[in-house]
Participant: 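Below are the structure tokens for one structure; questions will follow.
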Amino acid sequence: MRLFKKLAVQVCARADAMADQFENKEALSLSYIREYERVVAKAKVKLAQVEGEVHRLERETVRIEEQAALWVERARRVHATDESKALACVKRMQQDQALLTQTMRDLEETRSLKQKMAHDVDQLLAKLAA
């Protein structure tokens, strides 16, 4: 009888140990999943920030184009009466053109970054779903 009690206690102890291991692995897996979800959430926030920057640069591009067109129009208007003002207007238009070139370069880089980040977020979501 004593032998059966010892055997029963050992079997119960091993069963408890196995249950503990299973629970630890489950808790560890849940911890990894939660951490991965946090990483995905942070990536989505960064993507939204980059999208906002794309929209800001697009608006800035339109504003600069309008400003450059205004300087051209002003230069045409005052050309007949005051050539020095017309030259100043042309100079401002050229500055706006240079700024427009830089802004468009920044916009393309930001769009490229946005596209890469969107792809990365999609991959993270696919891994998380798996």
Side-chain angles (χ1 to χ4, degrees):
M1 187 80 164
R2 194 174 230 188
L3 179 64
F4 287 120
K5 277 188 177 182
K6 264 187 166 178
L7 188 58
V9 167
Q10 284 181 353
V11 168
C12 286
R14 287 188 187 217
D16 287 343
M18 286 176 51
D20 285 344
Q21 281 183 337
F22 179 73
E23 288 171 1
N24 287 340
K25 287 180 183 179
E26 186 176 325
L28 188 60
S29 296
L30 285 174
S31 173
Y32 286 140
I33 289 171
R34 297 295 173 248
E35 182 62 29
Y36 210 73
E37 287 173 342
R38 281 191 284 277
V39 168
V40 170
K42 285 180 182 180
K44 284 182 176 181
V45 167
K46 292 290 185 187
L47 178 60
Q49 289 173 344
V50 170
E51 286 173 347
E53 183 66 12
V54 166
H55 293 303
R56 186 193 69 76
L57 287 170
E58 287 171 345
R59 288 190 307 271
E60 184 71 11
T61 300
V62 169
R63 186 192 66 76
I64 294 170
E65 287 173 340
E66 290 171 352
Q67 282 294 113
L70 283 175
W71 286 117
V72 169
E73 181 60 34
R74 288 177 188 156
R76 286 185 183 146
R77 256 186 306 176
V78 298
H79 175 60
T81 58
D82 191 353
E83 194 172 314
S84 64
K85 282 186 182 179
L87 289 175
C89 290
V90 169
K91 185 176 179 180
R92 291 288 302 266
M93 184 269 308
Q94 288 172 341
Q95 290 172 349
D96 282 347
Q97 289 293 335
L99 182 60
L100 179 63
T101 301
Q102 180 61 43
T103 304
M104 291 183 80
R105 202 174 305 130
D106 292 345
L107 178 60
E108 288 306 311
E109 288 174 6
T110 307
R111 281 181 178 158
S112 174
L113 178 64
K114 176 189 160 198
Q115 195 172 35
K116 183 184 179 313
M117 287 178 74
H119 179 71
D120 291 347
V121 167
D122 289 342
Q123 284 183 334
L124 288 172
L125 288 172
K127 285 182 181 179
L128 184 60

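From a predicted model like this one, the values you see are computed outputs, not experimental measurements.
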Participant: Pair up each side-chain donor or acceptor in residues 40-59 with any protein partner under 3.5 Å, not counting sequence neighbours, and list the distances.
Facilitator:
unit_1	atom_1	unit_2	atom_2	d
E53	OE1	R56	NE	3.3
E53	OE2	R56	NE	3.4
E53	OE2	R56	NH2	2.7
E58	OE2	R111	NH2	2.8

Participant: If Ile, Leu, Val, Met, Phe, Trp and Tyr residues are connected whenever their side-chain heavy atoms lie under 4.5 Å apart, and connections chain through other members, are V90 and L99 in the same group?
Facilitator: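 As far as the 4.5 Å side-chain criterion goes, L99 and V90 are not connected within one cluster.
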Participant: Looking at R38 and E35, does any basic side-chain N land under 4.0 Å from a carboxylate oxygen?
Facilitator: yes
Participant: Please list all pairs meeting side chain to side chain donor-acceptor pair (under 3.5 Å) that have one or both residues in residues 86-99, counting only residues at least two apart or in different chains.
Facilitator: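 Applying side chain to side chain donor-acceptor pair (under 3.5 Å) to every pair that reaches into residues 86-99, excluding sequence neighbours, yields W71-D96.
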Participant: For the atom pair CD1 (I64) and OG1 (T101), what is the distance rounded to the nearest 0.5 Å?
Facilitator: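 If we round to the nearest 0.5 Å, I64:CD1 and T101:OG1 are 9.5 Å apart.
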Participant: With sequence neighbours left out, write down each residue that passes side-chain hydrogen bond (donor to acceptor under 3.5 Å, both in side chains) with T81, or none if nothing qualifies.
Facilitator: none
Participant: For T61, enumerate each residue passing the side-chain contact (heavy atoms from CB on, under 4.5 Å) test, keeping only those at least two apart in sequence or located in another chain.
Facilitator: E65, L100, T103, M104, L107
Participant: Partners of E37 by side-chain hydrogen bond (donor to acceptor under 3.5 Å, both in side chains), sequence neighbours excluded?
Facilitator: R34
Participant: How is the hydrophobic cluster of L70 composed, in terms of its other members, when Ile, Leu, Val, Met, Phe, Trp and Tyr link through side-chain heavy atoms under 4.5 Å apart, directly or indirectly?
Facilitator: none
Participant: Taking side chain to side chain donor-acceptor pair (under 3.5 Å) as the cut-off, I'd like each qualifying pair that reaches into residues 113-130, sequence neighbours left out, listed once.
Facilitator: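 Matches after skipping sequence neighbours: K116-D120, H119-Q123.
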Participant: For R76, does the CZ atom have more than 12 heavy-atom neighbours from other residues, nucleotides or ligands under 6.0 Å away?
Facilitator: no
Participant: Name all residues meeting the side-chain hydrogen bond (donor to acceptor under 3.5 Å, both in side chains) criterion together with R77; count only those two or more places apart in sequence or in a different chain, and write none if there are none.
Facilitator: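 R77 satisfies side-chain hydrogen bond (donor to acceptor under 3.5 Å, both in side chains) with no residue once adjacent residues are dropped.
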Participant: Which ILVMFWY residues are connected to L87, directly or by a chain of links, through side-chain heavy atoms under 4.5 Å apart?
Facilitator: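 Direct or chained contacts put L87 with none.
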Participant: In terms of hydrophobic clustering (I, L, V, M, F, W, Y; side-chain heavy atoms under 4.5 Å; direct or indirect links), are Y36 and M117 co-clustered?
Facilitator: yes
